[in-house]
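This structure is a prediction, so every number in the text was calculated from the model and none was measured. Worth knowing before you read on, the calculation uses all heavy atoms, side chains too, and leaves out hydrogens, waters and symmetry mates.
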Amino acid sequence: MSSSHGHHTYHLVDMSPWPLTGSISAMMLTTGLVKWFHHFNMDLLLLSLLATILTMIQWWRDVTREGTYQGLHTNTVLNGLRWGMILFIVSEVLFFFSFFWAFFHSSLSPAVEIGLTWPPKGVNPFNPFQIPLLNTIILLSSGATVTWAHHAIMESNHKQATQSLAVTVILGLYFTALQAYEYIEASFTIADSVFGATFFVATGFHGLHVIIGTTFLFICFYRLYMCHFSSGHHFGFEAAAWYWHFVDVVWLFLYIFIYWWGG
């Protein structure tokens, strides 16, 4: 049922298979990861990744059609989407808060099992003034370029918006590549005491969020290239920018407390 043609400004979505296929794909993904960890078999994992990607593409396609071509994203709907994104980011803040809690709990009062010292004996942490500092500069720069893109969209400057958003996506990919290199060269693993566990869980989930945010921005880049955004109707990009700034802020806390102070 299309809501914008009734007696209210709300959007009652049509029946869609994507929530069902998305939940099935997520269950397959979790099961595939367990199978990969225990049996070193990636068949189910690859199948679930393919199913997840196809669901995402078709679900985003439908939402893009609703907001861009069908005019179903009224001001009331956009207000709901904004609050939904705000609450989602709040939930993400609490998600990372739990990791920092675990880190500070273990570092401020090291247990006897790890030698009453932090970092634990035998663990050689990263130098915060090498790759971590470079990644900090990259993410802060990407925050500036995504803000540049936002202002360019507001001013209907399509060329500058496209260029600055492309730079943001490239910086996100560069950050991910450097973090992958850092993990490969690490002298400790997730199994090396509570330091390794908290370090890799916190930075690893942040890296996952960078990948998600980069994907989010790449979709916005494609939509911007296709002229889906205007100065008064671009919440898809706005939500991506909010998410990216959240990723930036979390990284600053990770760099200061886990790489620099905690190392």
- Message: Checking W83 against I86 for the side chain to side chain contact (heavy atoms under 4.5 Å, CB included) test, could you report, in this order, the C-alpha distance in whole Å, the side-chain angles of both residues, the deciding distance, and whether it holds?
- Response: CA-CA 5 Å; W83 276 108; I86 290 170; 4.3 Å; yes
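- C220 and G236 make their closest contact through SG-O, 3.6 Å (heavy atoms, listed as atom of the first residue, atom of the second, distance).
- Criterion: ILVMFWY side-chain heavy atoms under 4.5 Å apart, direct or through other members. Under it, V93 and F257 are part of a common hydrophobic cluster.
- More than 12 heavy atoms of other shown residues, nucleotides or ligands fall within 6.0 angstrom of atom CZ in F95.
- To the nearest 0.5 Å, atoms CG (L171) and OG1 (T176) are separated by 11.0 Å.
- The ring pair (Phe, Tyr, Trp, His ring centres under 6.0 Å) with W261 is formed by just one residue from the set Y255, F100, F104; it is F104.
- In plain terms, the two heavy atoms of I258 and A202 that are nearest each other are CD1-CB, 3.9 Å.
- A distance of 9.0 Å separates CZ of F199 from CG of L254, quoted to the nearest 0.5 Å.
- Heavy atoms from other residues, nucleotides or ligands lying under 6.0 Å from CE of M154 number 12 at most.
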- Message: Show, in sequence, the C-alpha distance, side-chain angles and deciding distance for H233 and L78, and conclude whether the side chain to side chain contact (heavy atoms under 4.5 Å, CB included) test is met.
- Response: CA-CA 9 Å; H233 194 87; L78 288 176; 4.1 Å; yes
- Task: With side chain to side chain contact (heavy atoms under 4.5 Å, CB included) as the test, would you mind laying out the steps for Q163 and T145 before giving the verdict?
- Result: CA-CA 9 Å; Q163 291 174 345; T145 55; over 6 Å; no
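- Q179 contributes a side-chain N or O that, together with a main-chain N or O of T203, makes up a donor-acceptor pair within less than 3.5 Å.
- Linking Ile, Leu, Val, Met, Phe, Trp and Tyr whenever their side-chain heavy atoms come within less than 4.5 Å leaves F237 and Y69 in two separate clusters.
- For the pair V210/W244, a side-chain contact is recorded, criterion being any heavy-atom separation below 4.5 Å from C-beta on.
- Taking every heavy atom of both residues into account, S142 and T168 meet most closely at O-CG2, 3.7 Å.
- Using bins of under 30°, 30° to 60° and over 60° for the plane-to-plane angle, the ring pair Y259/W251 lands in the tilted bin.
- Linking ILVMFWY side-chain heavy atoms closer than 4.5 Å, directly or via other members, places V123 and Y183 in a single hydrophobic cluster.
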- Could you walk me through whether M85 and L81 pass the side chain to side chain contact (heavy atoms under 4.5 Å, CB included) check? CA-CA 6 Å; M85 191 66 192; L81 291 174; over 6 Å; no
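- With contacts defined as side-chain heavy-atom distances shorter than 4.5 Å, the pair M226/T68 does not qualify.
- In this structure the side chain of T215 never reaches within 4.5 angstrom of the side chain of F218, judged on heavy atoms.
- Contact annotation: the side chain of L173 approaches that of T214 to within less than 4.5 Å [non-hydrogen atoms, C-beta and beyond].
- If you take CG on N79 and CZ on F235, they are separated by 9.5 Å, rounding to the nearest 0.5 Å.
- You'll find the side chain of E182 stays beyond 4.5 Å of the side chain of Q130, heavy atoms only.
- L50 contributes atom CG, which lies 12.0 Å from atom CG of L29 (distance to the nearest 0.5 angstrom).
- Note: S106 OG to I114 CD1 = 6.5 Å, rounded to the nearest 0.5 Å.
- A ring-centre distance under 6.0 Å is found for F188 and F126.
- The backbone N or O of Y181 lies less than 3.5 Å from no partner atom in the side chain of E185, so there is not a single donor-acceptor pair.
- For the pair M28/L44, a side-chain contact is recorded, criterion being any heavy-atom separation below 4.5 Å from C-beta on.
- The heavy-atom pair separating P125 from F195 by the smallest distance is CB-CZ, 3.8 Å.
- Taking the six-membered ring where the residue is Trp, the centroids of F205 and F99 are separated by under 6.0 Å.
- The shortest non-hydrogen separation linking L224 to T162 is CD2-N, 3.6 Å.
- Each of I53 and W59 belongs to its own hydrophobic cluster when Ile, Leu, Val, Met, Phe, Trp and Tyr are linked at side-chain heavy-atom distances under 4.5 angstrom.
- Of the candidates F129, Y174, F175, L134 forms a side-chain contact (heavy atoms from CB on, under 4.5 Å) with just one, namely Y174.
- Using cut-offs of 30° and 60° for the angle between ring planes, the Y243 and H209 rings count as parallel.
- At distances below 3.5 Å, not a single donor-acceptor pair connects side-chain atoms of H206 with backbone N or O atoms of F96.
- Between F246 and W242, the ring centre distance reaches or exceeds 6.0 Å.
- I256 is connected to V247 through a chain of hydrophobic side-chain contacts under 4.5 Å among Ile, Leu, Val, Met, Phe, Trp and Tyr, so both are in one cluster.
- The two residues I153 and A161 have their closest heavy-atom pair at CG1-CB, 3.7 Å.
- Between the side chains of W18 and D62, at least one donor N or O sits under 3.5 Å from an acceptor N or O.
- Within the 4.5 Å cutoff, side-chain heavy atoms of H234 are placed close to those of H150.
- One finds the OG atom of S48 at 9.5 Å from the CE atom of M42 (value rounded to the nearest 0.5 Å).
- For the pair V194/H105, no side-chain contact is recorded, criterion being any heavy-atom separation below 4.5 Å from C-beta on.
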